[in-house]
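Below is one structure, written out as C-alpha coordinates; comments come after it.
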Amino acid sequence: MTKSSEQTAPEKTPTEPGAEPAGEARQMTRRGWTLVVSGSLFVVFVVLGLVVPVPFVAISPGPTYDTLGRDAAGNPVIQVTGHETFPTTGELRMTTVSLHDGVTLFQGLGFWASGRYALAPREEYFKPGETNEQVKQENIQQLQDSQTNAQVAALRKLGYPIKVLAKQIVSGSPADHVLSPGDRLITVNGKKIAEAADVRNALAGTLPGQTVQITFQSDGQPERTVPLTLASRPDRKEGFIGLTAVDRADAPFNVNISLQDVGGPSAGLMFTLAIIDRLQPGDLAGGRHIAGTGEITETGEVDPIGGISFKVVGAREAGATDFLVPEHNCAEAKSSAPDGLNLIKVSTLDDALAQLANLKAGRPTASC
(Lines give C-alpha, C1' and ligand atoms only; values in the text may rest on other atoms or scores of the structure.)
Protein backbone atom coordinates (compact mmCIF):
# COMPACT_ATOMS: atom_id res chain seq x y z
CA MET A 1 0.00 0.00 0.00
CA THR A 2 1.08 3.45 -0.76
CA LYS A 3 0.05 6.69 0.81
CA SER A 4 -1.68 9.20 -1.30
CA SER A 5 0.45 12.21 -1.94
CA GLU A 6 -2.49 14.45 -1.40
CA GLN A 7 -4.17 15.29 1.95
CA THR A 8 -7.53 16.90 2.35
CA ALA A 9 -7.11 20.48 3.80
CA PRO A 10 -9.55 21.56 6.58
CA GLU A 11 -12.28 23.82 5.36
CA LYS A 12 -12.23 27.48 6.51
CA THR A 13 -15.35 28.99 7.92
CA PRO A 14 -16.13 32.15 6.06
CA THR A 15 -15.75 35.33 8.08
CA GLU A 16 -18.91 37.32 8.22
CA PRO A 17 -18.65 40.91 7.17
CA GLY A 18 -17.83 43.20 10.20
CA ALA A 19 -16.85 40.35 12.51
CA GLU A 20 -13.45 40.41 14.28
CA PRO A 21 -11.26 37.41 14.51
CA ALA A 22 -11.74 35.46 17.76
CA GLY A 23 -8.22 36.19 19.04
CA GLU A 24 -8.66 39.91 18.61
CA ALA A 25 -12.06 39.91 20.38
CA ARG A 26 -10.44 38.69 23.56
CA GLN A 27 -7.91 41.56 23.66
CA MET A 28 -8.69 44.74 25.77
CA THR A 29 -8.37 47.98 23.95
CA ARG A 30 -6.32 50.85 25.37
CA ARG A 31 -9.50 52.80 25.99
CA GLY A 32 -10.99 49.91 27.91
CA TRP A 33 -7.96 49.56 30.12
CA THR A 34 -8.08 53.29 30.83
CA LEU A 35 -11.71 53.05 31.91
CA VAL A 36 -11.06 50.04 34.16
CA VAL A 37 -8.03 51.60 35.87
CA SER A 38 -9.76 54.97 36.30
CA GLY A 39 -12.88 53.34 37.68
CA SER A 40 -10.87 51.25 40.13
CA LEU A 41 -8.93 54.28 41.36
CA PHE A 42 -12.17 56.21 41.77
CA VAL A 43 -13.70 53.40 43.84
CA VAL A 44 -10.58 53.24 46.02
CA PHE A 45 -10.66 57.01 46.48
CA VAL A 46 -14.33 56.96 47.47
CA VAL A 47 -13.77 54.12 49.96
CA LEU A 48 -10.77 55.87 51.50
CA GLY A 49 -12.67 59.15 51.66
CA LEU A 50 -15.56 57.49 53.45
CA VAL A 51 -13.63 55.26 55.84
CA VAL A 52 -10.07 56.40 56.55
CA PRO A 53 -9.71 59.25 59.16
CA VAL A 54 -7.59 62.28 58.35
CA PRO A 55 -5.25 63.90 60.93
CA PHE A 56 -7.71 66.69 61.70
CA VAL A 57 -10.50 67.33 64.18
CA ALA A 58 -13.65 69.35 63.57
CA ILE A 59 -14.66 72.01 66.10
CA SER A 60 -18.11 73.54 66.43
CA PRO A 61 -20.29 75.35 68.99
CA GLY A 62 -21.30 72.92 71.73
CA PRO A 63 -24.29 72.75 74.05
CA THR A 64 -24.79 75.35 76.77
CA TYR A 65 -26.00 74.74 80.33
CA ASP A 66 -27.72 77.10 82.75
CA THR A 67 -25.77 76.78 86.00
CA LEU A 68 -28.82 78.12 87.86
CA GLY A 69 -30.97 75.40 86.32
CA ARG A 70 -31.02 71.61 86.25
CA ASP A 71 -28.96 68.93 84.57
CA ALA A 72 -30.23 66.28 82.15
CA ALA A 73 -31.34 64.09 85.06
CA GLY A 74 -33.45 66.88 86.54
CA ASN A 75 -31.10 67.63 89.44
CA PRO A 76 -30.05 71.21 90.27
CA VAL A 77 -26.63 71.94 88.77
CA ILE A 78 -25.67 73.67 92.04
CA GLN A 79 -26.73 71.56 95.03
CA VAL A 80 -26.40 73.01 98.54
CA THR A 81 -27.03 71.02 101.70
CA GLY A 82 -26.92 72.45 105.20
CA HIS A 83 -27.38 76.09 104.20
CA GLU A 84 -30.27 78.27 103.12
CA THR A 85 -30.51 78.98 99.39
CA PHE A 86 -32.16 81.96 97.72
CA PRO A 87 -34.38 82.22 94.64
CA THR A 88 -32.84 83.37 91.36
CA THR A 89 -34.18 84.63 88.05
CA GLY A 90 -32.68 84.62 84.59
CA GLU A 91 -29.74 82.46 83.53
CA LEU A 92 -26.02 82.13 84.15
CA ARG A 93 -25.18 79.89 81.23
CA MET A 94 -21.88 78.08 80.73
CA THR A 95 -20.75 77.38 77.19
CA THR A 96 -18.89 74.51 75.54
CA VAL A 97 -17.15 73.53 72.32
CA SER A 98 -17.82 70.23 70.55
CA LEU A 99 -14.78 68.35 69.26
CA HIS A 100 -15.29 65.74 66.54
CA ASP A 101 -12.47 63.21 66.18
CA GLY A 102 -12.08 60.44 63.61
CA VAL A 103 -13.04 62.77 60.77
CA THR A 104 -12.81 61.25 57.28
CA LEU A 105 -11.86 63.21 54.17
CA PHE A 106 -15.43 63.60 52.93
CA GLN A 107 -16.72 64.45 56.42
CA GLY A 108 -14.01 67.09 56.75
CA LEU A 109 -14.94 68.63 53.42
CA GLY A 110 -18.59 68.66 54.48
CA PHE A 111 -17.77 70.25 57.84
CA TRP A 112 -15.64 72.91 56.16
CA ALA A 113 -18.28 73.69 53.53
CA SER A 114 -21.00 74.10 56.17
CA GLY A 115 -19.33 77.21 57.61
CA ARG A 116 -20.24 76.11 61.15
CA TYR A 117 -17.18 73.99 61.78
CA ALA A 118 -13.45 74.62 61.76
CA LEU A 119 -10.79 72.02 61.08
CA ALA A 120 -7.63 71.91 63.18
CA PRO A 121 -4.65 69.54 63.27
CA ARG A 122 -5.39 66.64 65.60
CA GLU A 123 -2.00 67.06 67.30
CA GLU A 124 -3.21 70.35 68.81
CA TYR A 125 -5.75 68.45 70.92
CA PHE A 126 -4.28 64.94 71.25
CA LYS A 127 -0.80 64.04 72.40
CA PRO A 128 1.06 61.45 70.28
CA GLY A 129 -0.48 58.05 70.93
CA GLU A 130 -3.19 59.47 73.18
CA THR A 131 -6.62 57.87 72.84
CA ASN A 132 -10.06 59.42 72.98
CA GLU A 133 -10.63 57.74 76.33
CA GLN A 134 -7.47 59.25 77.79
CA VAL A 135 -8.46 62.72 76.60
CA LYS A 136 -11.93 62.21 78.06
CA GLN A 137 -10.46 61.32 81.45
CA GLU A 138 -8.17 64.37 81.38
CA ASN A 139 -11.15 66.60 80.57
CA ILE A 140 -13.17 65.09 83.40
CA GLN A 141 -10.31 65.73 85.83
CA GLN A 142 -10.04 69.32 84.61
CA LEU A 143 -13.78 69.77 85.14
CA GLN A 144 -13.55 68.41 88.67
CA ASP A 145 -10.63 70.73 89.44
CA SER A 146 -12.58 73.70 88.05
CA GLN A 147 -15.57 72.81 90.22
CA THR A 148 -13.37 72.66 93.31
CA ASN A 149 -11.74 75.98 92.43
CA ALA A 150 -15.21 77.49 91.90
CA GLN A 151 -16.35 76.37 95.35
CA VAL A 152 -13.22 77.79 97.00
CA ALA A 153 -13.38 81.09 95.10
CA ALA A 154 -17.11 81.53 95.82
CA LEU A 155 -16.94 80.72 99.52
CA ARG A 156 -13.79 82.79 99.97
CA LYS A 157 -15.65 85.72 98.43
CA LEU A 158 -18.58 85.13 100.78
CA GLY A 159 -16.25 85.35 103.77
CA TYR A 160 -15.85 81.70 104.75
CA PRO A 161 -12.46 80.61 106.08
CA ILE A 162 -10.05 78.65 103.91
CA LYS A 163 -8.02 75.65 104.95
CA VAL A 164 -4.92 74.33 103.20
CA LEU A 165 -4.59 70.61 102.55
CA ALA A 166 -1.82 68.40 101.25
CA LYS A 167 -2.96 67.24 97.82
CA GLN A 168 -0.11 65.04 96.63
CA ILE A 169 2.97 63.65 98.38
CA VAL A 170 6.09 63.03 96.32
CA SER A 171 7.40 59.51 96.76
CA GLY A 172 10.78 59.43 98.52
CA SER A 173 10.56 63.07 99.59
CA PRO A 174 10.92 64.36 103.18
CA ALA A 175 7.11 64.47 103.52
CA ASP A 176 6.68 60.86 102.34
CA HIS A 177 5.46 58.50 105.10
CA VAL A 178 5.00 61.53 107.39
CA LEU A 179 2.04 63.33 105.81
CA SER A 180 -0.80 61.96 103.73
CA PRO A 181 -3.05 63.51 101.08
CA GLY A 182 -5.84 65.37 102.85
CA ASP A 183 -3.81 66.38 105.90
CA ARG A 184 -4.39 69.98 106.94
CA LEU A 185 -1.29 72.17 106.98
CA ILE A 186 -1.13 74.54 109.97
CA THR A 187 2.41 75.95 109.98
CA VAL A 188 5.59 75.40 107.97
CA ASN A 189 8.96 76.65 109.24
CA GLY A 190 7.17 78.60 111.97
CA LYS A 191 4.92 80.47 109.52
CA LYS A 192 1.13 80.15 109.49
CA ILE A 193 -0.37 78.62 106.36
CA ALA A 194 -3.48 80.55 105.28
CA GLU A 195 -3.45 79.63 101.58
CA ALA A 196 -1.60 77.18 99.37
CA ALA A 197 0.97 79.72 98.17
CA ASP A 198 2.12 80.19 101.78
CA VAL A 199 3.80 76.76 101.80
CA ARG A 200 6.36 77.72 99.14
CA ASN A 201 6.76 81.18 100.65
CA ALA A 202 7.52 79.68 104.07
CA LEU A 203 10.54 77.90 102.59
CA ALA A 204 12.05 81.02 101.04
CA GLY A 205 15.65 81.39 102.18
CA THR A 206 16.00 77.79 103.36
CA LEU A 207 18.63 75.38 102.02
CA PRO A 208 18.67 71.64 101.31
CA GLY A 209 19.77 69.74 104.40
CA GLN A 210 18.20 72.27 106.75
CA THR A 211 15.63 71.01 109.27
CA VAL A 212 12.30 72.80 109.61
CA GLN A 213 9.24 72.16 111.75
CA ILE A 214 5.88 71.44 110.14
CA THR A 215 2.57 71.34 112.02
CA PHE A 216 -0.34 69.46 110.45
CA GLN A 217 -3.55 67.70 111.35
CA SER A 218 -4.85 64.42 109.99
CA ASP A 219 -8.57 63.84 109.80
CA GLY A 220 -10.03 63.45 113.30
CA GLN A 221 -6.61 63.58 114.96
CA PRO A 222 -4.94 66.26 117.13
CA GLU A 223 -2.35 68.54 115.57
CA ARG A 224 1.19 67.18 115.26
CA THR A 225 4.51 68.99 114.86
CA VAL A 226 7.39 67.07 113.30
CA PRO A 227 10.87 67.99 112.00
CA LEU A 228 11.62 67.51 108.31
CA THR A 229 15.07 67.65 106.76
CA LEU A 230 14.72 69.48 103.46
CA ALA A 231 15.78 67.86 100.22
CA SER A 232 17.05 69.51 97.02
CA ARG A 233 15.55 69.93 93.56
CA PRO A 234 17.26 71.14 90.39
CA ASP A 235 14.47 73.67 89.68
CA ARG A 236 14.82 75.60 92.94
CA LYS A 237 17.46 76.90 95.35
CA GLU A 238 15.48 76.60 98.57
CA GLY A 239 14.80 73.36 100.39
CA PHE A 240 12.15 70.94 99.17
CA ILE A 241 9.45 69.28 101.33
CA GLY A 242 7.79 67.14 98.66
CA LEU A 243 4.11 68.01 98.66
CA THR A 244 1.63 70.07 96.69
CA ALA A 245 -0.94 72.09 98.63
CA VAL A 246 -4.47 73.16 97.73
CA ASP A 247 -7.00 75.54 99.21
CA ARG A 248 -10.34 74.21 100.38
CA ALA A 249 -13.29 76.10 101.88
CA ASP A 250 -13.81 75.45 105.57
CA ALA A 251 -17.60 75.85 105.62
CA PRO A 252 -20.20 74.03 107.78
CA PHE A 253 -22.22 72.95 104.72
CA ASN A 254 -21.70 71.18 101.39
CA VAL A 255 -21.83 72.50 97.85
CA ASN A 256 -21.88 70.02 94.98
CA ILE A 257 -21.97 70.59 91.24
CA SER A 258 -23.92 68.12 89.12
CA LEU A 259 -23.21 68.15 85.40
CA GLN A 260 -22.59 65.16 83.15
CA ASP A 261 -20.89 64.71 79.76
CA VAL A 262 -18.89 67.94 80.06
CA GLY A 263 -15.14 68.30 80.45
CA GLY A 264 -12.44 70.92 80.70
CA PRO A 265 -11.76 73.84 83.03
CA SER A 266 -13.54 76.71 81.28
CA ALA A 267 -16.84 76.62 83.20
CA GLY A 268 -15.19 77.72 86.45
CA LEU A 269 -16.32 81.36 86.38
CA MET A 270 -19.96 80.51 85.71
CA PHE A 271 -19.97 77.83 88.43
CA THR A 272 -18.56 80.38 90.88
CA LEU A 273 -21.21 82.98 90.08
CA ALA A 274 -24.00 80.41 90.39
CA ILE A 275 -22.78 79.27 93.82
CA ILE A 276 -22.71 82.86 95.06
CA ASP A 277 -26.16 83.51 93.59
CA ARG A 278 -27.58 80.49 95.42
CA LEU A 279 -25.99 81.32 98.77
CA GLN A 280 -26.83 85.00 99.12
CA PRO A 281 -29.85 87.16 98.38
CA GLY A 282 -29.62 89.60 95.53
CA ASP A 283 -30.23 87.66 92.31
CA LEU A 284 -27.10 88.25 90.22
CA ALA A 285 -28.65 87.62 86.81
CA GLY A 286 -31.63 89.86 87.50
CA GLY A 287 -33.82 88.06 84.99
CA ARG A 288 -31.35 88.42 82.11
CA HIS A 289 -30.00 85.63 79.92
CA ILE A 290 -26.27 85.83 80.63
CA ALA A 291 -23.63 83.43 79.34
CA GLY A 292 -19.90 83.32 79.84
CA THR A 293 -16.71 81.35 80.11
CA GLY A 294 -13.35 81.46 81.88
CA GLU A 295 -11.15 79.28 84.04
CA ILE A 296 -11.27 80.36 87.70
CA THR A 297 -8.43 80.10 90.19
CA GLU A 298 -8.91 79.46 93.90
CA THR A 299 -8.20 83.12 94.55
CA GLY A 300 -10.67 84.43 91.97
CA GLU A 301 -8.58 85.26 88.91
CA VAL A 302 -10.28 84.57 85.56
CA ASP A 303 -7.90 82.93 83.10
CA PRO A 304 -8.32 82.73 79.30
CA ILE A 305 -9.72 79.66 77.57
CA GLY A 306 -9.90 78.16 74.08
CA GLY A 307 -12.72 78.08 71.58
CA ILE A 308 -14.20 81.48 72.43
CA SER A 309 -15.26 82.10 68.81
CA PHE A 310 -17.53 79.04 68.95
CA LYS A 311 -18.78 79.73 72.46
CA VAL A 312 -20.16 83.17 71.63
CA VAL A 313 -22.09 81.64 68.73
CA GLY A 314 -23.48 78.85 70.90
CA ALA A 315 -24.46 81.35 73.59
CA ARG A 316 -26.38 83.58 71.18
CA GLU A 317 -28.17 80.58 69.69
CA ALA A 318 -29.22 79.62 73.23
CA GLY A 319 -30.79 83.05 73.72
CA ALA A 320 -28.05 84.86 75.66
CA THR A 321 -27.89 88.65 75.32
CA ASP A 322 -24.75 89.22 77.42
CA PHE A 323 -21.49 87.27 77.53
CA LEU A 324 -18.73 87.42 80.18
CA VAL A 325 -15.38 87.22 78.36
CA PRO A 326 -11.94 86.71 79.97
CA GLU A 327 -9.92 89.84 79.21
CA HIS A 328 -7.27 87.99 77.19
CA ASN A 329 -9.95 86.44 74.95
CA CYS A 330 -11.58 89.76 74.09
CA ALA A 331 -10.00 90.33 70.67
CA GLU A 332 -10.98 86.88 69.37
CA ALA A 333 -14.46 87.11 70.87
CA LYS A 334 -15.05 90.52 69.33
CA SER A 335 -14.10 89.27 65.86
CA SER A 336 -16.57 86.38 66.07
CA ALA A 337 -19.48 87.67 68.16
CA PRO A 338 -22.88 87.45 66.46
CA ASP A 339 -25.23 90.42 66.36
CA GLY A 340 -27.19 91.09 69.53
CA LEU A 341 -24.58 89.75 71.97
CA ASN A 342 -23.07 92.22 74.44
CA LEU A 343 -19.48 91.24 75.28
CA ILE A 344 -18.40 92.09 78.84
CA LYS A 345 -14.69 92.06 79.73
CA VAL A 346 -13.67 90.51 83.08
CA SER A 347 -10.34 89.53 84.62
CA THR A 348 -11.37 88.59 88.17
CA LEU A 349 -14.39 87.36 90.08
CA ASP A 350 -14.78 90.86 91.54
CA ASP A 351 -14.91 92.23 87.97
CA ALA A 352 -17.65 89.77 87.05
CA LEU A 353 -19.75 90.63 90.10
CA ALA A 354 -19.35 94.36 89.46
CA GLN A 355 -20.38 94.01 85.81
CA LEU A 356 -23.44 91.93 86.70
CA ALA A 357 -24.42 94.67 89.15
CA ASN A 358 -24.04 97.23 86.34
CA LEU A 359 -26.26 95.16 84.05
CA LYS A 360 -28.93 94.83 86.69
CA ALA A 361 -28.88 98.56 87.40
CA GLY A 362 -28.89 99.53 83.72
CA ARG A 363 -25.41 101.04 83.87
CA PRO A 364 -22.77 100.63 81.10
CA THR A 365 -20.55 97.54 81.27
CA ALA A 366 -16.86 97.09 80.47
CA SER A 367 -16.85 96.19 76.80
CA CYS A 368 -14.31 94.15 74.85
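Counting begins at 1 with the first residue of the sequence.
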Item to check | Worked verdict on R248 versus Q151 for side chain to side chain contact (heavy atoms under 4.5 Å, CB included) | outcome: CA-CA 8 Å; R248 292 292 182 264; Q151 294 172 23; over 6 Å; no
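- Within the 4.5 Å cutoff, the side chain of F271 has heavy atoms near those of the L259 side chain.
- Cluster membership check: I344 does not share its hydrophobic cluster with I308, using side-chain heavy-atom separations under 4.5 Å among Ile, Leu, Val, Met, Phe, Trp and Tyr.
- To the nearest 0.5 Å, the span separating CG on D145 from CG on L143 amounts to 9.0 Å.
- Formation of a donor-acceptor pair under 3.5 Å by the T244 side chain with backbone atoms of Q168 is found in this model.
- You'll find the side chain of F240 stays beyond 4.5 Å of the side chain of S232, heavy atoms only.
- With sequence neighbours excluded, the residues satisfying ring pair (Phe, Tyr, Trp, His ring centres under 6.0 Å) with Y160 are F253.
- Between T89 and G286 the shortest heavy-atom distance is OG1-C, 3.6 Å.
- Put simply, the side chain of N189 never gets that close to the backbone of K191: no donor and acceptor are under 3.5 Å apart.
- Between the R278 side chain and the T88 main chain, no donor and acceptor come within less than 3.5 Å of each other.
- Contact annotation: the side chain of T211 never approaches that of L230 to less than 4.5 Å [non-hydrogen atoms, C-beta and beyond].
- Taking D322 as the reference, R288 meet the salt bridge (Lys or Arg N to Asp or Glu O under 4.0 Å) condition, with sequence neighbours excluded.
- Atom CE of residue M94 and atom CG of residue L273 lie 13.0 Å apart, to the nearest 0.5 angstrom.
- Tracing side-chain contacts under 4.5 Å through hydrophobic residues (I, L, V, M, F, W, Y), one never reaches L359 starting from V312; they form parts of separate clusters.
- D351 and S347 make their closest contact through OD2-OG, 2.6 Å (heavy atoms, listed as atom of the first residue, atom of the second, distance).
- The hydrophobic clustering, which links ILVMFWY residues whose side-chain heavy atoms are closer than 4.5 Å, places V80 and M270 together.
- K311 and T293 form a side-chain donor-acceptor contact under 3.5 Å, judged by distance and modelled atom types alone.
- For the atom pair N201 CG and E238 CD, the distance stands at 9.5 Å (nearest 0.5 Å).
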Next on the checklist: Set out, in order, the CA-CA distance, both residues' side-chain angles and the distance that settles salt bridge (charged side-chain N to carboxylate O under 4.0 Å, His left out) for D247 and R156, then state yes or no.
Outcome noted: CA-CA 10 Å; D247 293 340; R156 189 197 299 268; 2.8 Å; yes
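- A salt bridge between E195 and K163 is absent, with no side-chain N of the basic residue lying under 4.0 Å from a carboxylate O of the acidic one.
- Going from atom NZ of K345 over to atom SG of C368 covers 7.0 Å, rounded to the nearest 0.5 Å.
- In terms of modelled atom types and a separation under 3.5 Å, the side chain of N342 and the main chain of T321 share no donor-acceptor contact.
- Judged as a side-chain hydrogen bond (donor to acceptor under 3.5 Å, both in side chains), not a single pair has a partner in residues 324-336 (not counting sequence neighbours).
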Checklist entry - For I193 and I186, what are the C-alpha separation, side-chain angles and deciding distance, and is it a side chain to side chain contact (heavy atoms under 4.5 Å, CB included)? => result CA-CA 5 Å; I193 304 301; I186 311 298; over 6 Å; no
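- Side-chain contact between L179 and L185 is present, with at least one heavy-atom pair separated by less than 4.5 Å.
- The shortest side-chain heavy-atom distance between C330 and V325 falls under the 4.5 Å cut-off.
- Under a 3.5 Å cut-off, the side chain of E138 and the backbone N or O of Q142 do not form any donor-acceptor pair.
- Smallest separation of non-hydrogen atoms from T67 and A274: OG1-CB, 3.3 Å.
- Shortest non-hydrogen contact noted between V170 and D176 is O-CB, 3.6 Å.
- When R93, R316, E317 are each tested for a side-chain hydrogen bond (donor to acceptor under 3.5 Å, both in side chains) with T64, only one passes: R93.
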Next on the checklist: Does V246 form a side chain to side chain contact (heavy atoms under 4.5 Å, CB included) with E298? I'd like the steps, not just the answer.
Outcome noted: CA-CA 9 Å; V246 291; E298 294 171 333; 4.0 Å; yes
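- Residues V346 and L269 have side chains in contact (heavy-atom distance under 4.5 Å, counting atoms from C-beta outward).
- Under a 3.5 Å cut-off, the side chain of D198 and the backbone N or O of A194 do form a donor-acceptor pair.
- Classification of K157 and D350 as a salt-bridged pair holds, one side-chain N sitting under 4.0 Å from a carboxylate O.
- Once rounded to the nearest 0.5 Å, the distance linking CG of L203 with NZ of K237 reads 16.0 Å.
- Looking at every heavy atom in both residues, Q147 comes nearest to I257 through NE2-CG2, 3.5 Å.
- Contact of the T96 side chain with the Y65 side chain is registered, since non-hydrogen atoms from C-beta on lie closer than 4.5 Å.
- The two atoms that bring A175 and G242 nearest to each other are CB-O, 4.0 Å, heavy atoms only.
- Grouping the Ile, Leu, Val, Met, Phe, Trp and Tyr side chains by contacts below 4.5 angstrom, directly or via other members, places V188 apart from L207.
- By the neighbour-count criterion of 12 heavy atoms within 6.0 Å, atom CG of D235 is densely surrounded, having more than that number from other residues, nucleotides or ligands.
- At a cut-off of 3.5 Å, with distance as the only test, a side-chain donor of T299 or E301 sits close to an acceptor on the other residue.
- Looking only at distances, no side-chain donor or acceptor of T187 sits under 3.5 Å from a matching main-chain atom of G190.
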Item to check | side chain to side chain contact (heavy atoms under 4.5 Å, CB included) evaluation trace for V226 with F216 | outcome: CA-CA 9 Å; V226 298; F216 65 97; 3.8 Å; yes
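- When hydrophobic clusters are built by joining Ile, Leu, Val, Met, Phe, Trp and Tyr residues whose side-chain heavy atoms come closer than 4.5 Å, directly or via intermediates, I214 is grouped together with V164.
- Using a 4.5 Å heavy-atom threshold, the side chains of L155 and L279 count as touching.
- At a cut-off of 3.5 Å, with distance as the only test, no side-chain donor of N358 or T365 sits close to an acceptor on the other residue.
- The distance from atom CD1 of I241 to atom OG1 of T229, rounded to the nearest 0.5 Å, is 11.0 Å.
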